[in-house]
Colleague: 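Below: one structure in structure tokens.
Residues: numbered from 1 along the sequence shown.
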Amino acid sequence: MSQNYGEPEYWNARYSKDGDAFDWYQSFKGLENFLKTTCEKSDNILMLGCGNSLLSEEMYNYGYKTITNIDISDVVIKQCNEKYPIEDYPGLIYQVGDGLDMVDFNDETFDCVIDKGTFDTIMCGSDSEDVITICQEVFRVLKKKGIYIVISYGKPEDREFYFDEACDWNIEIKTIPKTNDYQESPDKLNYHYIYIMKKNQ
């Protein structure tokens, strides 16, 4: 895969070198209004490819008290478990896991799955079938009427086909302005896309 993004070794080396928190694309501040109208505070939420983002912490402090975070990097999961001990953050769970094969989760477990950059990372790889696989796995672990939220730089013509191909869900597309950290030159889009997939079954 390009840059070995799909390999735990790549991310373990990266997080071992730099353990400072980093949010891809958007912070909670940028997503707050969207999340307030999309996710209930009582929802059982899965954060897919959590890295060391502050999003889960900030959502937790806002009132979302049941958030499971998975990442293929055991290094970053160890760092997060040290930072967020379960006795201080009950309901905020960090565990090693692969979105392509979520063997630890039963069918219809989560109300909402949030993906901030993970789908894009998989799209950078050489096997496009992996993005179909991750959608199918998300679909499996979502409850009926559950939603899969993908925050992405990818345009609909480069993303929607895979969502449609993978599963039976209704798709809504929104845009959100990029934060200052992600502003680009005037000839490029200064917003990210939010894809909201609602499970029909």
Side-chain angles (χ1 to χ4, degrees), residues 5-6 23-28 30-51 53 55-56 58-60 62 64-72 92-95 97-125 127-176 191-201:
Y5 286 154
D23 268 300
W24 295 92
Y25 303 165
Q26 295 283 337
S27 66
F28 176 68
L31 293 169
E32 180 178 349
N33 289 334
F34 165 76
L35 290 172
K36 284 194 299 186
T37 59
T38 308
C39 304
E40 299 290 337
K41 288 184 178 179
S42 59
D43 281 352
N44 187 10
I45 297 170
L46 175 64
M47 195 70 66
L48 198 59
C50 61
S53 165
L55 180 60
S56 291
E58 291 170 338
M59 288 181 66
Y60 186 90
Y62 187 77
Y64 297 94
K65 296 301 186 184
T66 310
I67 307 175
T68 300
N69 301 267
I70 64 170
D71 200 282
I72 60 173
L92 186 61
I93 299 168
Y94 286 86
Q95 64 186 68
D98 187 346
L100 295 173
D101 187 17
M102 293 190 276
V103 294
D104 291 334
F105 304 128
N106 294 327
D107 295 357
E108 299 184 6
T109 297
F110 298 100
D111 300 288
C112 177
V113 177
I114 300 176
D115 176 334
K116 189 159 67 78
T118 300
F119 190 92
D120 285 354
T121 298
I122 294 172
M123 282 289 292
C124 291
D127 188 356
S128 62
E129 288 299 312
D130 282 349
V131 292
I132 301 291
T133 300
I134 198 169
C135 287
Q136 292 171 339
E137 271 294 270
V138 168
F139 190 87
R140 179 184 68 78
V141 303
L142 274 176
K143 296 177 183 178
K144 293 177 181 178
K145 306 301 182 182
I147 56 172
Y148 178 29
I149 299 168
V150 176
I151 296 99
S152 172
Y153 67 79
K155 297 178 181 179
E157 57 263 34
D158 298 323
R159 295 291 185 268
E160 201 168 3
F161 165 81
Y162 297 102
F163 300 137
D164 280 331
E165 185 77 6
C167 304
D168 176 27
W169 40 29
N170 293 323
I171 302 174
E172 182 181 0
I173 304 171
K174 299 188 176 192
T175 58
I176 186 169
Y191 52 82
H192 291 118
Y193 292 94
I194 302 179
Y195 298 91
I196 307 108
M197 276 70 67
K198 186 172 183 179
K199 187 173 180 178
N200 286 323
Q201 298 179 12

Colleague: Centres of the F119 and F163 rings: under 6.0 Å?
Modeller: yes

Colleague: With rounding to the nearest 0.5 angstrom, report the OH to CG distance, Y60 to L92.
Modeller: 6.5 Å

Colleague: Under 6.0 Å between ring centres: does that hold for W169 and F139?
Modeller: yes

Colleague: Is the Y191 ring parallel, tilted or perpendicular to the Y193 ring (thresholds 30°, 60°)?
Modeller: perpendicular

Colleague: State whether the side chain of D164 and the backbone N or O of F161 hold a donor-acceptor pair below 3.5 Å, judged by distance alone.
Modeller: no

Colleague: I need the single residue from D120, T175, I176 that forms a side chain to side chain contact (heavy atoms under 4.5 Å, CB included) with H192. Which is it?
Modeller: I176

Colleague: Give, for atom CE of M102 and atom OG1 of T109, the distance between the pair rounded to the nearest 0.5 Å.
Modeller: 9.5 Å

Colleague: Do T68 and Q95 come close enough that some side-chain heavy atom pair is under 4.5 Å?
Modeller: yes

Colleague: Let me confirm one number: the OG-CD1 distance from S152 to I194, rounded to the nearest 0.5 Å.
Modeller: 10.5 Å

Colleague: Per the side chain to side chain contact (heavy atoms under 4.5 Å, CB included) rule, which among I134, I72, I151 passes with T118?
Modeller: I134

Colleague: Between K116 (side chain only) and Y25 (backbone N and O only), is there a donor and an acceptor less than 3.5 Å apart?
Modeller: no

Colleague: When you measure from the side chain of D111 to the backbone N and O of N44, does any donor-acceptor pair fall under 3.5 Å?
Modeller: yes

Colleague: Checking D98 side chain against L100 main chain: does a donor-acceptor pair fall under 3.5 Å?
Modeller: yes

